[in-house]
Each structure stands twice: as C-alpha cells, then as structure tokens.
Amino acid sequence: MWVYTDKVKELFDNPKNVGEVEDADGVGEVGSLSCGDALKLTFKLDDEGRIVDAKFQTFGCASAIASSSALTEMIIGKTLDEAGKITNQDIVDFLGGLPDKKMHCSVMGQEALRAAIANYRGEKLPKEDSEIVCECFGVSEKEIVDAIQHNSLTTLEQVTDYTKAGGGCGTCHERIEAILEEVMGQEGAEPKVEEPAKPRLSNIQRMKLIEETLEKEIQPNLAKDGGSIELVDIVGDRVLVSLKGACATCAASDITLKHYVESKLRELVTDTLVVEEVAQ
Amino acid sequence: MKTIYVDNNATTRVAPEVFEEMTPYFTDLYGNPSSMHFFGGQVQRKVEEARERVAGLLGARPQEIIFTSCGTESDNAAIMSALQCNPEKRHVLTTRVEHPAVKNLVANLKREGYRVTELPVDRHGLLSMEEVSRAMTDDTAIVSVMWANNETGVLFPVEEIATLAKSRGVIFHTDAVQAVGKIPVNMAESHIDMLSLSGHKLHAPKGIGVLYVRRGTRFAPFVIGGHQEEGRRGGTENVPYIIGLGKACELAATDLEEKNLRVKSLRDKLENGLLEVVGNSIINGDAEQRLPNTSSISFEYVEGESILLKLSDKGICASSGSACTSGSLEPSHVLRAMGVPFTAAHGSIRFSLSFYNTEEEIDYILEVVPPIIEQLREISPFWKGPTARSCAAS
C-alpha cells in the first residue's frame, strides 16, 4: 500500500476546483487513457492578467488527483509569469511529499500548466519540437532533460519515476542513459552548487591535521589487519611514511598506500598530498 | 468500521479450526520429526497425517506430496527439476498470463539460452488447444500452464493439456495455487505430472506450500539439504504450518460443492448488481470457464487505485490490475494479454470471495461502489456521461 501524506489524502477525498472553467483563456491537456493518467487544466484571467479561476479534470490515482487539485490552488491569484515559475517540486512540497514512484503525478501538473499557458499565448511548447524518446508513454527528450535538470536526477529509475519514460517496453533505456550522461556531463562542467572550499591551512595546522588523520582515521583501520603506519616527515606536499607490522611484508601495501592512505589524506586534509614510503 | 474482506485471491483468513490444530506444535509439541525419540516421533506421525489430508484433497497418494515454503518455491522446483532431468531439451512452453512465479522464472531461463514459448490468450482469456498442440515439440522439456488465473479467475483446460503432453512424452506442470480448494481436483484421474499449491490461499497460514509430484516422475530437488521429504526438499519441516495446511485441506474437501454454490451465488449477485447499476462496466474473463469466487470488473474512464482507496475508506478490501497499484507503470499483463482496452484495464477491480463472506456484505458493497465510481467519473476528463461509447464494445 502506498503511504500518502495527510494533505494528499485530504485533497483526494475532497478535491478543490474540479471541472472546467467556462470560456477558458487557457487550456492544457496532458497524458492519455493509455498512459494511465491524464489531466485537463483550464484557467481564466482577470483584466490585470491574473488567474481568477482554475479548474481541473483528472483521470488517475490518488496522487494524480491531489497534485491537480494542489496545482489549481497554487495558481489562482497569480500572473502567468508567476504561475509559470511553479515547478513539480513546488507541487510536491505543497502536498508534503509524494512516494518516489508517484513523482510523475507532480510532473504532470507542471506540464499541464505549461501547456495551458502556451495555449493562452498561442505558443508552441518546446517539447513539441523535441524527439519522442519513450514511445510507450510519449515522452520527449525535452521533457526528460527538464526533469533531470530540475530534480537533479541521476538514475534511469528516477527518470522513470518522474516522467514515466522507460516504464513500458524498455527499448528506450539506453537512450535515456545516454541523455542522463549528457546532462550530467554538462552539469559537471558548470556545477550549479559549488562544493564548499576547504579552509586554507597554515603549515603548522596542516602538519597537525595530517598527523591527526593518520592516527585517528588510518591507523585503526590498518590495525584491523595487523598493520601499522608511522609518519616520518612532511616535505611540502610529500608525506613520508613507514609501514610496520603486517603492512611491511604485505604484497598489497603499495595499493593500501595509494588507494587508501593517500586518498584519505587528500579527502580530509589537502588534495595535493602525495604519500611515499620510506625505509627506516 | 467493519472490514469487508473480498481479496481472497491475495490471501485468506486462517480458519479458526486450522489455527487451533497448529497451536500445540508451537508450545508443547516442539519436537523435530526426524528425531529418534518418542517426542519427535509423535510430531512425525502428525506431519504424516497432514500429508494424507493434503493427498485426500488432491486425490493423490501421500508419498506424492512434497511440502515447500510457498507456491513460488513449488513452481520454481517443478520447472527447474524438469529442465535438470531433461538436459538435452531446451524448450519451455507456458502462457502469457502466468503468475510472476512462473513468468519471471521463464524470463530468466530465456536469458540463459532456453527457448520459451508464451502462448497468447483470446479476449475472454482462453487458450487455443490447437496452438498448445502446435507449440509442443520434441525439444519441449516442460509445459507449465496455470489452472486458474489469479486476476480473472479464468480456468484453463489443464487436464486436456496434460493428456496431450503425456501422449508426446512431455512433463506437464500446473500452478494450481488459485484452483485448489475452490474447484474439485483429482490427481487419480489425471495426467498432470506436477502441481503447485499454496496454503494461504485456502485458509492455512502464509509460508507453506506443496508440490505434488506424480509417482514415477523424475525429480531433482530444488532445495538441497537433508533427507527430509524423502530427500526431495531439504530443510527441517515447518511442522505447525504443515499441520495447519493438512487441516485446511480437510476443511476444503468437506462440502466443497455446496460451499462453491454459495460463493458463486454471492459472486453472481455482486457482479450482476454492479453491471446493472454502473454503466460502462465490463467483466474481464470468460463467463463460464471461471472460478466461482472471482470477479474482475472494469469501470471505464476511472483509475483503479483511486477506486481501491475509496473502497478501503469504507472498509472494503479488494485489489486492482491498474498500473498505479502495482508500482509499475503498465496495467496488468493478464488484462493486456487479453487485449482489454486501456480505458478499462486501468479501472479494473478484482473482487475475490470466500465462504466467510455474507449476503449482507455483498449488499453493502453494492451500495458503496456506484457512488464512488460516479464521483471519480465526475473528476475524469474522459467521462462524457453514460451515453459515451464503450471502447470494449467496439
């Protein structure tokens, strides 16, 4: 059984703004009977260009009905520019959350809104020019790319949860993986959120931190295999160590040094450090 | 709120008599049936009594009964045994509407290089014997066809297929999880080689199943271990559950015909009542070749999960073949194989009754369902009123 929030349950039991606005200014229809969910959104503007009335009709599960109801509540009173900024995540937040597998219900809300606004403005939706990737559910490349970017998706499964793409016969899985790689690659080139930079350390601080990391982080782990490590010296970025106990005679000690000790020090101290073994 | 449980193809209530029979084997009589002492010996005798009771319901010999953990294990054991005993044969013949226990197993076999034929069904959910016959070849290691479909209740002519398979020298297995306890089964007058059943579908608890293996059928164990079950299924016996299943089979064999008639009349009352009051509703599955307890009914233009949640709020427990309820995005593979249109497949509800259901419960369901469908149709963008053309009629 799905676990729905009280808000989803409330809007499913008593949906608001059901029906069709008469003489609607904008009409957005997304989904279809074959997809298992569909939403028709209609709205009316006042003289100042604000949405005075919005109604929905939805074929779908509880979360689809609740998402649609939430959408109408969120857009009434807004200008089209303001409404156009509403994302599927805003709908999810309004509902207090949705199960992962139901995220596509919120995406359907966002898309119906975009379609209705485009319909009012007499514009074409960008997705109409975009190639269909998932034939089963009629999902375009543009929709997939948008969902990945707006929700920071990283896996095929997430793309299916949010857009339904790939949830049918599965022949488009490779294509979706390729889109994911492409979008994530771009994001890697210009990261949106920068990692917090490590604070600059003085030489003394750095030495202390290296010593501390070796002692508290690395030593206990090597000790589990009967090994031990000793700090000999620090010369610039070079950390000179000597391996003792089981490590001293272990054929894999080079790997331990590079893959474990060095990477741990780089992670916790400075990423320019190089670890070298010296004989004592 | 009273619970109206009409989801008996999912699981059933443990009969009070079954529970009562089981309890001493959790408390005082905890011996291991394999032990040499009197304390284990008395448990062993009770396990053998349960085996006789199961055999009694199936019209089988006690030594043809192997206790397993569930229906899925029985299905897996049957198919894997046939393949192992006939290593030169590389073909598996089954249908498109099997339970995942068979469906996903043969999908794996396909990846391992076996040739798998999944026979189609017509719009009533029925198989063509001609196609069955055509698909069976010298290379076929096993034919596995379910007796009764869990979603629609449609019955397959398994006896006929078993006879055909025997004449071609092919092993025949049936997943009879939904059939045993609901319709008469008699292995003494049958050519079925192997048959799976599951305890919790016939008022025994979850976690116990049976694989029937006809005497003389070559068998390779699936769970390898000790000498239990004559070396055909390793692992210490699940004693209390085996005893519970024995009692459940004894109960099922008592007045089967009479109970069936009662369940069928309640099912028919429910079905006819809904079809009469709710427009654009369709029964999925053949009207005649069907279990007496199951009704899969599609309400067009509304979605199954929404219906189920509203029913659940009224205390009614049913299930659906809609995409949303399963967590997958596509509606049930059974309804799709039958070519049920999407308008109807997404809005399918399965009511499955047991002899514990009462006429009052059916009256209550008949009162509750129509306004729910009406309410959801008012929200649906596809519903244009009761005059709308039914897709299923075209």
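Order of the sequence lines fixes the chain letters, A, B, ..., with proteins taken first and strands second; residue numbering starts at 1 for each chain. Any value given below was found using the heavy atoms of this structure, including those in side chains, with hydrogens, waters and symmetry copies removed.
- Atom-to-atom distance recorded for A/Thr58:OG1 and B/Glu303:CD is 11.5 Å, nearest 0.5 angstrom.
- Environment of CD in A/Gln89: crowded, with over 12 heavy atoms of neighbouring residues, nucleotides or ligands closer than 6.0 Å.
- Chosen from A/Glu20, A/Gln57, A/Glu29, the residue pairing most often with chain B at heavy-atom distances under 4.5 Å is A/Gln57.
- Enclosure of atom NZ in A/Lys7 by more than 12 non-hydrogen atoms of other residues, nucleotides or ligands within 6.0 angstrom is indicated.
- Residue contact with chain B, scored on non-hydrogen atoms closer than 4.5 Å, involves the backbone of A/Ser32 exclusively.
- When the shell of 6.0 Å around CG of B/Asn108 is examined, it contains more than 12 heavy atoms from other residues, nucleotides or ligands.
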Evaluate the criterion side-chain contact (heavy atoms from CB on, under 4.5 Å) for residue pair B/Asp313 and A/Lys9; output intermediate values, then yes/no.
CA-CA 11 Å; B/Asp313 284 344; A/Lys9 203 81 182 62; 3.0 Å; yes
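- Counting all heavy atoms, side chain and backbone alike, A/Phe59 lies closest to B/Tyr301 at CD1-O, 3.2 Å.
- At least one side-chain heavy atom of A/Phe56 sits under 4.5 Å from a side-chain heavy atom of B/Ile379.
- Interface residue A/Pro15: only side-chain heavy atoms are found under 4.5 Å from chain B.
- Residue A/Glu82 places its CD atom among more than 12 non-hydrogen atoms of other residues, nucleotides or ligands, all under 6.0 Å distant.
- More than 12 heavy atoms of other shown residues, nucleotides or ligands fall within 6.0 angstrom of atom CD in A/Glu73.
- Heavy atoms closer than 4.5 Å to chain A are found in the side chain of B/Gln375, but not in its backbone.
- The minimum heavy-atom distance linking A/Lys40 with B/Pro381 is given by the pair CB-CB, 4.1 Å.
- Cation-pi geometry between B/Lys310 and A/Phe12 is met: the NZ or CZ atom falls under 6.0 Å from the ring centre, inside 45° of the normal.
- Around OH of A/Tyr120, the count of heavy atoms belonging to other residues, nucleotides or ligands within 6.0 Å does not exceed 12.
- Here the shortest heavy-atom pairing between B/Leu309 and A/Ala62 reads CD1-CB, 3.3 Å.
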